[in-house]
Amino acid sequence: MPPAQLPEALGPILDLLDMAGIAVFALTGAVVAAVKRQTFVTFLFFAVVTGIGGGTVRDLLIGAPVFWVHENWTLLICFGAALAVWLSPARLWKGKTLLWLDAAGLAAYATFGAAKGLAFGLAPLPAFGMGVLTGCLGGIVRDVLAGEPSILMRRELYVTVAALSAALLVGLSLAGMPGGIAGPIAFAAGFALRGAAIWRGWSLPAYER
Amino acid sequence: MPPAQLPEALGPILDLLDMAGIAVFALTGAVVAAVKRQTFVTFLFFAVVTGIGGGTVRDLLIGAPVFWVHENWTLLICFGAALAVWLSPARLWKGKTLLWLDAAGLAAYATFGAAKGLAFGLAPLPAFGMGVLTGCLGGIVRDVLAGEPSILMRRELYVTVAALSAALLVGLSLAGMPGGIAGPIAFAAGFALRGAAIWRGWSLPAYER
Amino acid sequence: MPPAQLPEALGPILDLLDMAGIAVFALTGAVVAAVKRQTFVTFLFFAVVTGIGGGTVRDLLIGAPVFWVHENWTLLICFGAALAVWLSPARLWKGKTLLWLDAAGLAAYATFGAAKGLAFGLAPLPAFGMGVLTGCLGGIVRDVLAGEPSILMRRELYVTVAALSAALLVGLSLAGMPGGIAGPIAFAAGFALRGAAIWRGWSLPAYER
């Protein structure tokens, strides 16, 4: 049985990754709502679903209490992100801003998701899978709801990024490294790889037969 | 830890809203199947997914046992709704019937979802969010499965309606009003607002920058 | 309260159906990724989501611990399926291979899902619904993610097949037949019906009013 509370062991640095993941994914959700010229209520909806979607599924899968239902601040972060995008000049969110925010959310959630999976007693491969799935999920749901082609179907490095962060966190933790060191390493490696994909256009070879 | 059983406090009036939400959402699911000229089995599938989708996600999120798995009647209501649409004259479901049924389901589920959230000890903002999310979810899933553009992307008042019902239920309950009074008020206000949106074409301003 | 562990009663034959369902659904996910000319990482993602999607939702709904999070082998099966499709000659997966694999997964998961529902104390109708929903879910999610029209919207016998397997398993079990006999019968009947639908083009009449 997994413990009902998140173990202390995750520590403050991983908590920061968690909050960063929520905030930047919520921003990307609100930016998609802006690009699609939606109403403020849709901004809120997209910010919330994108911000907490991945973590919610993670908690359901590992048998943890869903992280945002017993306090108000998680939703306040998402509402704040929606308001920030609504009120700020549109040029702030033009170009590649969305991609970079999404990159940070992806690496942060993949790292934190894998760490939380380990903390709840998952086997290594499922803990890795939890990082990948929950890192990618918020963005996938955001794209499906907006009627955009999913990032899954492009050759660009994306799921691979979540896989790198999650694998590093699981591998380094199993090797005995504390989460406060393994977390930042896993996050930075994933963010750098996604950055290279955005900046240099790195992509994987596709199936050609 | 949330209690394993739904508190008595929700009472018979909120139970009625719950059953009404299931029945009318199931009807809307079956009507969409009819509009798309589907088979009876698809009628059943759409009726079930639309009728119980929102409440199922709500129960998973708040840590309640999923409401329809330990008795037969919820699914029987959904099957009955599918049969009713299959057997009745098509003109009954033409025009705006679907919209009005959906309006009733939306306000009922938003109210009941928020009340059930509070009853399971959620913080006010998540209880509000539970009402909004679960009020809107059945219809969103129905539209995605049918390949229709989601109501989320239109400027019409829709999510706002769920927000009004959920906010009223949470606010009035926190102010000390019993659920048997706050519930009908929250339902009626949401239904009236959605009615104005359907009848008068009320909508929210969109992001224009 | 449902028991925390899967009852012994499900037995080795139903376990085989479970593993078969995972493997063939994982294969179909990887084949869809191949048809869409995706990268290997997307092969893995599709294999995992399709292979374990239906069973994951089933476990969440019936309150069972999610079946794949406490060991490594389930994900290894899915990874193996992705690798097999990536490395093997494309002609193996051309034509109707995908349809037949999907047929086996559908009947296996519908049977096993209904049996697990009964084993966790569900009422008969929800146990039946659990078989149908989880038998169909993996394939539906696979198609939605790939941007394909869902099987749900075609007249071909598909959901009906899951309904036949699930109804037989529930009915025969309630009549006292052991799972080791009822399971293979329910699986074979569903697979045969789906086979007839693929081979002979059997379909249901659509709503025509």
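In what follows, chains are A, B, ... by sequence order, proteins preceding strands, each numbered from 1. Values in this document were obtained by computation on a predicted structure and should not be read as measured data.
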Quiz item: What part of C:F128 lies closer than 4.5 angstrom to a heavy atom of chain B: side chain, backbone, both or neither?
Solution: side chain
Quiz item: At a heavy-atom separation under 4.5 Å, does B:L44 approach chain C through its side chain, its backbone, both, or neither?
Solution: neither
Quiz prompt | Choice from B:W73, B:F40, B:F43 maximising heavy atom contacts with chain C below 4.5 Å | solution = B:F43
Practice problem: List for me each residue that meets salt bridge (Lys or Arg N to Asp or Glu O under 4.0 Å) alongside C:R194, sequence neighbours excluded, and say none if there are none. | Solution: C:E156
Quiz item: Given B:C78, which of B:V49, B:I52, B:L27 fulfils the side-chain contact (heavy atoms from CB on, under 4.5 Å) condition?
Solution: B:I52
Quiz prompt | Residues in side-chain contact (heavy atoms from CB on, under 4.5 Å) contact with C:V57, at least two apart in sequence or another chain | solution = C:L61, C:L137
Practice problem: Before giving the answer on side chain to side chain contact (heavy atoms under 4.5 Å, CB included), spell out for C:T134 and C:D59 the whole-Å C-alpha distance, their side-chain angles and the decisive distance to 0.1 Å. | Solution: CA-CA 10 Å; C:T134 57; C:D59 285 351; over 6 Å; no
Quiz item: Looking only at heavy atoms, which two atoms of B:G29 and B:T50 are closest? And how far apart?
Solution: CA-OG1, 3.6 Å
Practice problem: Start with the C-alpha distance between C:W100 and C:I198, add both sets of side-chain angles, then the distance that settles side chain to side chain contact (heavy atoms under 4.5 Å, CB included), and finish with yes or no. | Solution: CA-CA 8 Å; C:W100 286 100; C:I198 296 174; 4.0 Å; yes
Quiz item: Quick one: what part of C:P205 sits under 4.5 Å from any heavy atom of chain B, side chain, backbone, both or neither?
Solution: backbone
Practice problem: Using heavy atoms and a sub-4.5 Å threshold, report which of residues 79-87 of chain B line up against chain C, by residue number. | Solution: B:F79, B:V85, B:W86, B:L87
Quiz item: Which bit of C:I140 is near chain B, if near means a heavy-atom gap under 4.5 Å: side chain, backbone, both or neither?
Solution: side chain
Exercise. Search all heavy atoms of C:L118 against all heavy atoms of C:S173 and return the closest pair with its distance.
Key: CD1-CB, 3.7 Å
Quiz item: Is there side-chain contact between B:L157 and B:S203, with at least one heavy-atom pair below 4.5 Å?
Solution: no
Exercise. Using a strict 4.0 Å threshold on nitrogen-to-oxygen distance, state whether C:K116 and C:D18 make a salt bridge.
Key: no
Quiz item: Of the non-hydrogen atoms in C:G55 and C:Y109, which two are nearest, and what is the gap between them?
Solution: N-CE2, 3.9 Å
Quiz item: What distance separates B:R58 CZ from B:L133 CG, expressed to the nearest 0.5 Å?
Solution: 11.5 Å
Practice problem: Residue by residue, scan residues 163-170 of chain B and write down, ordered by number, those that have a heavy-atom distance under 4.5 Å to chain C; if none do, write 'none'. | Solution: none
Quiz item: Where on B:Q38 is there a heavy atom nearer than 4.5 Å to chain C: the side chain, the backbone, both, or neither?
Solution: both
Quiz prompt | Heavy-atom pairs under 4.5 Å with chain C, option from B:L76, B:T56, B:L75, B:V48 with the top count | solution = B:L75
Practice problem: Go through the steps for C:W93 and C:L101 under the test side chain to side chain contact (heavy atoms under 4.5 Å, CB included), then give the verdict. | Solution: CA-CA 10 Å; C:W93 314 106; C:L101 286 174; 3.8 Å; yes
Self-check item: side chain to side chain contact (heavy atoms under 4.5 Å, CB included) assessment of B:V31 paired with B:T28
Solution: CA-CA 5 Å; B:V31 170; B:T28 68; 5.5 Å; no
